[in-house]
Structure formats: C-alpha cells, structure tokens
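Heads up, the thing below is written out as structure tokens.
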Amino acid sequence: QVQLVESGGGLVQPGGSLRLSCAASTSTFSIYKMGWYRQAPGKERELVAFITSGGSRNHADSVKGRFTISRDKNTVYLQMNSLKPEDTAIYYCNADWGVEGMNYWGEGTQVTVSS
C-alpha cells in the first residue's frame, strides 16, 4: 500500500542546513498535496509548508525565507537553511490525494538544532 519514507533528519548546529526528503511508494494516482508538518515536545503539530500538484506553495511565517519546499513527482523535499533551536521537532511528511481515504503520514524524522 502507500508508504511515505522520510530521510534527512539529524543533529545540526544553529545556522546550519538540512534537506529532508519524502518519497511516496506509489504513483498510481497523482498526489494533490504534499506537505511537511512538525511537532515539538509539548506542542501541537503544525504545518511547516505544503505544495500542490498545481505548484501552489505555502510556508509558515516562522520559516519563510529560510525553508523551501519543492517536489518531483512522488517525492517532496524541504530545504532548511539558517536553522534555529526553535526548529527542533519531529518532522512529518503528509500526502493527500484529495479523495476519500487517501491521506497518509510518514513516521517522522527528528530534527535537532543545538550547539
């Protein structure tokens, strides 16, 4: 069935960069929207960025100018530059096909920004 495989997380110093990748295991249907969410300890999960099949992009105010979302078919990327300690969280990939039952989450990848 559908799997979202995330990679690229890790430990980085403030000001550093990471590139997250998420690959969907199926190409049966065109994915309408792919996005990245994050959840820090004790906080609600929040949207970081998303990109639609039509190329529409949205980035949360907290990451604008630092993070860039992009996609290539079934793979979505999140380039993270100028990382801050407050970016520390588990980052989750999401894919939504815009039809009933076709919404999936990755297992998450840890991003830790610390000196």
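The figures that follow rest on heavy atoms only: side chains count, while hydrogens, waters and symmetry mates do not.
- For Arg38 and Tyr91, the side-chain atoms include at least one donor-acceptor pair closer than 3.5 Å.
- Here the CD-OG distance, from Glu46 to Ser62, works out to 5.5 Å after rounding to the nearest 0.5 Å.
- A 4.5 Å side-chain heavy-atom check between Leu20 and Glu6 finds every atom pair outside the cut-off.
- Note that the CZ atom of Arg57 and the OG1 atom of Thr68 stand 9.0 Å from one another [nearest 0.5 Å].
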Stepwise, does the side-chain contact (heavy atoms from CB on, under 4.5 Å) test hold for Val12 with Thr112? CA-CA 6 Å; Val12 65; Thr112 302; over 6 Å; no
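- We find the CD-CD distance between Glu44 and Gln39 to be 7.0 Å, quoted to the nearest 0.5 Å.
- Using a 4.0 Å cut-off between charged nitrogen and carboxylate oxygen, Asp61 and Lys64 count as a salt-bridge pair.
- Looking at heavy atoms from C-beta onward, Met102 lies out of side-chain contact with Asp96 at the 4.5 angstrom threshold.
- In this structure, the side chains of Gln13 and Leu83 stay at 4.5 Å or more apart for every pair of heavy atoms.
- The CG atom of Leu4 sits 10.0 Å away from the OG1 atom of Thr75 when rounded to the nearest 0.5 Å.
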When you look at Trp105 and Tyr92, which way does the side-chain contact (heavy atoms from CB on, under 4.5 Å) test go after all the steps? CA-CA 7 Å; Trp105 292 88; Tyr92 298 91; 3.9 Å; yes
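- With a 4.5 Å cut-off on side-chain heavy atoms, Leu47 and Asn58 count as touching.
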Kindly indicate, with the supporting measurements, whether the criterion side-chain contact (heavy atoms from CB on, under 4.5 Å) is fulfilled by Asn94 and Tyr37. CA-CA 8 Å; Asn94 177 263; Tyr37 294 72; 3.8 Å; yes
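- Expressed to the nearest 0.5 Å, how far OG of Ser115 lies from CG of Leu11 amounts to 10.0 Å.
- Taking hydrophobic clusters as Ile, Leu, Val, Met, Phe, Trp and Tyr residues chained together by side-chain heavy-atom distances below 4.5 Å, Val63 does not share a cluster with Ile90.
- Contact check for Ser53 versus Ile31: no side-chain heavy atoms found under the 4.5 Å cut-off.
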Stepwise side-chain contact (heavy atoms from CB on, under 4.5 Å) check, Arg66 with His59: CA-CA 10 Å; Arg66 300 187 299 118; His59 297 80; over 6 Å; no
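- In this structure, the side chains of Val48 and Leu78 come closer than 4.5 Å at one or more pairs of heavy atoms.
- Expressed to the nearest 0.5 Å, how far CG of Leu18 lies from CD of Gln79 amounts to 8.5 Å.
- Because its NZ or CZ atom is not both nearer than 6.0 Å to the ring centre of Tyr77 and within 45° of the ring axis, Arg71 does not count as a cation-pi partner of that residue.
- Residue Tyr32 qualifies as open at atom OH: its count of foreign heavy atoms under 6.0 Å is 12 or below.
- Looking at heavy atoms from C-beta onward, Pro85 lies out of side-chain contact with Ser114 at the 4.5 angstrom threshold.
- Aromatic ring centres of Trp36 and Phe67 lie farther apart than the 6.0 Å criterion allows.
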